[in-house]
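The structure under discussion appears below in the form of structure tokens.
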Amino acid sequence: MRLSRYFLPVLKETPAEAQIVSHQLMLRAGMIQQLAAGIYSWLPLGYAVLRKVEAIVHEEMQRAGAIPILMPTIQPADLWIESGRINDYGKEMLRIQDRHDRSMLYGPTNEENVTDIFRRHVRSFKQLPLNLYHIQWKFRDEVRPRFGVMRGREFLMKDAYSFDLDAAGAETSYDAMFLAYLRTFRRMGLTAIPMQADTGPIGGKLSHEFQILAKTGESEVHFDAAFEAIDFSADDLSVAELKALYAAADDKHDPAACPVPAERLRSGRGIEVGHIFYFGTRYSAPMGATVIGPDGATQPVHMGSYGIGVSRLVGALIEANHDEKGIIWPEAVAPFKVGIVDLRPDDELSHGLAEQLYDRLQRAGVEVLFDERDERAGAKFATMELIGLPWTVTVGPRGAKEGKVELKSRASGETAELDPDALVQRLAG
RNA sequence: CGGGGCGUAGCGCAGCCUGGUAGCGCAUCUGCUUUGGGAGCAGAGGGUCGGGUGUUCGAAUCACCCCGCCCCGACCA
């Protein structure tokens, strides 16, 4: 992508309304644009990151056996009356009347919706286990939206729903999601600690929320220091072991009853990026989502639901990866892998080399943002640092004479002088 | 939902207290010079001062009502 042809409205100054660093940087880097309180448009750079995050979530869900579907944003209120949940969400739920005066709502979640799909088509235990998920926009009319996409009213969420014959099966499904979550966050370079949690309006008895540690987190969290020793990227992570370790957000944490000795207890702030629930027959029973078991008896299925705040993750990623100059994207979610700073577009030799590298990198399948604007070096470097691409290639007359360009890592700041072949090889790898 | 604050050019702000029809920096456009860390000079464009009502000869400025946004607290992917 040529920057001169892209749409990247960066800001030099920090908009007054943004309080936390991720919100400030998302606005300054031209990723989002606020339309109303808690409602944002995603501009090209922000949308590119959102799609990267989405893609990882899709891959890990499917790896864990979940099947993608797409349910609507608008639902009939009838379904929620049937589940008995119509009033549980209170004013958080946006209600709408359609032209026939039928009561509709903008879905804050889709348990009823998916349970309805299930009950219409599944009859036998032989079709279980089943896990259906989608990534769809939700609306929760928060009393006080804030912190940009971290607490928006409209937000993109991945929600998966598992169906099993019995509690034991449901727990297996739960554990599979538990593991998939750890892997998902890990792939984005984030360590999320699973914590015991309340079930809220979703209902149920077993629940964990996944919290990323960050100074600007919304909730106070407490956890066993043993978590610090765990390698979350290990292939043989044990869900049972992780579940046994103590970790809880403030609301669940009782210092008097805490099983962890004080010297082993760690406290910090956390950003909740995922939340999983096992709620048994909470929806299947009232809504008649049943199967015939091996014994010939009809019984309600055991369900769980599993959410990841996809749009919130974009903010959380920035909270976890930035410095005073801007964002530092982990490669897995970067909007572009490389930025080329064409220092002197008016210099034939230097500009020619930059063009050539742009072309070669693109053909090697590398996502490149090519800054060939007629701007000063300082402005270009500042833009690159702000938007945080993992790699910057600087091409100027000085190096071009020697046939060299500079490669710089945004994360480490390390630089290397390379010739074009070595550069392409290194970045294409 | 309780408490507080703000709304003046695309962004950041001043002007308001003490009424006299709007200003600064950045950004934008044109020209020239410049070009390895957010350039310089010269010129130009851009505002129903959030909206309404009232007071007044006269309202960005005073009063009242409404709307929007932000912050603190109680609640949540």
Side-chain angles (χ1 to χ4, degrees), chain A residues 9-20 23-24 27-28 30 33-39 53 57 88-93 107-110 135-160 181 192 197-202 207-212 218-219 249-251 270-277 305-316 325-326 341-347 350-351 373-386 392 394-401 404-406 408 415:
Chain A
V10 299
L11 303 174
K12 223 164 168 176
E13 287 167 296
T14 301
E17 75 266 19
Q19 296 299 310
I20 64 167
H23 189 196
Q24 293 172 347
L27 291 170
R28 288 196 52 214
Q33 173 74 54
Q34 181 169 13
L35 186 61
I39 302 178
V53 171
V57 171
D88 291 3
Y89 264 92
K91 289 193 163 180
E92 302 267 295
M93 192 160 73
T109 175
N110 290 68
I135 295 180
Q136 177 64 291
W137 292 93
K138 304 292 186 291
F139 193 92
R140 292 184 192 171
D141 202 355
E142 298 277 348
V143 254
R144 192 180 157 214
R146 64 186 127 168
F147 300 152
V149 300
M150 299 278 276
R151 171 156 305 285
R153 290 193 292 172
E154 187 185 60
F155 58 96
L156 190 61
M157 179 165 103
K158 184 285 299 179
D159 37 326
Y181 273 37
D198 279 325
T199 53
I202 306 279
S207 177
H208 283 86
E209 53 190 26
F210 292 76
Q211 299 262 7
I212 288 164
E218 278 200 276
S219 43
D250 219 22
D251 51 344
I271 299 170
E272 185 185 352
V273 291
H275 202 157
I276 62 179
F277 305 85
S305 73
Y306 316 90
I308 288 180
V310 175
S311 48
R312 173 180 286 181
L313 264 172
V314 177
K325 289 174 175 170
V341 171
D342 184 359
L343 277 181
R344 290 287 299 276
D346 60 330
D347 181 287
S350 168
H351 179 65
R373 295 172 305 162
D374 182 21
E375 289 286 344
R376 319 262 309 181
K380 293 189 175 197
F381 288 133
T383 299
M384 280 300 170
E385 281 153 354
L386 175 62
T392 298
T394 301
V395 185
R398 228 159 57 192
K401 279 194 208 111
K404 299 275 189 190
V405 297
E406 183 195 89
K408 184 172 186 178
T415 61

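Letters go in sequence order (proteins before strands), and every chain restarts at 1.
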Between [atom2] of [N] and [atom1] of [X], the distance in whole Å:
{"X": "A/Ile20", "N": "B/rC72", "atom1": "CD1", "atom2": "C1'", "value": "15 Å"}
{"X": "A/Arg153", "N": "B/rC70", "atom1": "CZ", "atom2": "C1'", "value": "14 Å"}
{"X": "A/Leu27", "N": "B/rC69", "atom1": "CG", "atom2": "P", "value": "15 Å"}
{"X": "A/Arg312", "N": "B/rA77", "atom1": "CZ", "atom2": "C1'", "value": "5 Å"}
{"X": "A/Leu35", "N": "B/rC69", "atom1": "CG", "atom2": "P", "value": "10 Å"}
{"X": "A/Glu272", "N": "B/rC75", "atom1": "CD", "atom2": "C1'", "value": "12 Å"}
{"X": "A/Glu142", "N": "B/rA74", "atom1": "CD", "atom2": "C1'", "value": "13 Å"}
{"X": "A/Ile212", "N": "B/rA77", "atom1": "CD1", "atom2": "C1'", "value": "12 Å"}

Please give the distance between the [atom1] atoms of [N] and [M] as a whole number of Å.
{"N": "B/rU35", "M": "B/rA39", "atom1": "C1'", "result": "8 Å"}
{"N": "B/rG47", "M": "B/rU8", "atom1": "P", "result": "15 Å"}
{"N": "B/rC24", "M": "B/rC57", "atom1": "C1'", "result": "32 Å"}
{"N": "B/rU55", "M": "B/rC67", "atom1": "P", "result": "23 Å"}
{"N": "B/rA22", "M": "B/rC49", "atom1": "P", "result": "10 Å"}
{"N": "B/rC72", "M": "B/rG31", "atom1": "P", "result": "47 Å"}
{"N": "B/rC64", "M": "B/rC75", "atom1": "C1'", "result": "34 Å"}
{"N": "B/rC6", "M": "B/rG12", "atom1": "C1'", "result": "14 Å"}

If [N] has a Watson-Crick or G-U wobble mate with both distances under 3.5 Å, name it; if not, just say none.
{"N": "B/rA63", "result": "B/rU53"}
{"N": "B/rA74", "result": "none"}
{"N": "B/rU30", "result": "B/rA42"}
{"N": "B/rG23", "result": "B/rC13"}
{"N": "B/rU18", "result": "none"}

Heavy atoms from C-beta onward define the side chain here; which of [options] lies closest to that of [X]?
{"X": "A/Ala16", "options": "B/rC72, B/rC13, B/rC70", "value": "B/rC13"}
{"X": "A/Phe147", "options": "B/rA77, B/rC72, B/rC69", "value": "B/rC72"}
{"X": "A/Arg144", "options": "B/rC1, B/rG12, B/rC70", "value": "B/rC1"}
{"X": "A/Glu13", "options": "B/rA77, B/rC11, B/rC69", "value": "B/rC11"}

Taking 4.0 Å as the cut-off, does a side-chain nitrogen or oxygen of A/Gln34 come that near to OP1 or OP2 on B/rC70?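 Yes, A/Gln34 has a side-chain N/O under 4.0 Å of OP1/OP2 on B/rC70.
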So [X], base contact, sugar-phosphate only, or nothing? Heavy-atom distance under 4.0 Å.
{"X": "A/Val273", "value": "sugar-phosphate"}
{"X": "A/Ala18", "value": "nothing"}
{"X": "A/Gly152", "value": "base"}
{"X": "A/Glu209", "value": "nothing"}

Answer yes or no: is there a donor N or O on one side and an acceptor on the other, between the side chain of [X] and the main chain of [Y], under 3.5 Å?
{"X": "A/Lys404", "Y": "A/Arg398", "answer": "no"}
{"X": "A/Arg140", "Y": "A/Glu92", "answer": "no"}
{"X": "A/Ser305", "Y": "A/Ala160", "answer": "no"}
{"X": "A/Glu272", "Y": "A/Gln211", "answer": "no"}

I'd like to compare against my own output: the B/S/- annotation of nucleotides 35-42 of chain B with a strict under-4.0 Å heavy-atom distance to protein. BBBBB---
side-chain hydrogen bond (donor to acceptor under 3.5 Å, both in side chains) partners of A/Arg28, counting only residues at least two apart: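 Expected list: none.
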If you assign each of A/Pro145 and A/Pro15 to its closest nucleotide in RNA chain B, which residue comes earlier from the 5' end?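 Between the two, 5'-proximity favours A/Pro15.
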I'd like to know whether A/Glu17 forms a side chain to side chain contact (heavy atoms under 4.5 Å, CB included) with A/Gln34, so could you lay out the CA-CA distance, the side-chain angles of the two residues, the decisive distance to 0.1 Å, and finally the verdict. CA-CA 10 Å; A/Glu17 75 266 19; A/Gln34 181 169 13; 4.2 Å; yes
May I have the step-by-step check of side chain to side chain contact (heavy atoms under 4.5 Å, CB included) for A/Arg146 and A/His23, ending in yes or no? CA-CA 9 Å; A/Arg146 64 186 127 168; A/His23 189 196; over 6 Å; no
Between protein and nucleotides 44-47 of chain B, what N or O pairs are separated by less than 3.5 Å?
none

Are A/Ile276 and A/Phe210 close enough that some pair of their side-chain heavy atoms sits under 4.5 Å apart?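 Side chain of A/Ile276 against side chain of A/Phe210, heavy atoms only: contact under 4.5 Å found.
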Non-hydrogen side-chain atoms of A/Tyr181 and A/His208 separated by less than 4.5 Å: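 No, their side chains stay 4.5 Å or more apart.
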Measure the spacing between CD1 of A/Ile39 and CZ of A/Arg153 and express it to the nearest 0.5 Å.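 That separation rounds to 4.5 Å.
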Gap separating the CG atom of A/Leu313 from the CE atom of A/Met150, nearest 0.5 angstrom: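 Those atoms lie 9.5 Å apart.
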Identified side-chain hydrogen bond (donor to acceptor under 3.5 Å, both in side chains) partner of A/Asp342 from the options A/His351, A/Lys380, A/Arg373: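 Result: among A/His351, A/Lys380, A/Arg373, A/His351 is the only option passing the side-chain hydrogen bond (donor to acceptor under 3.5 Å, both in side chains) with A/Asp342.
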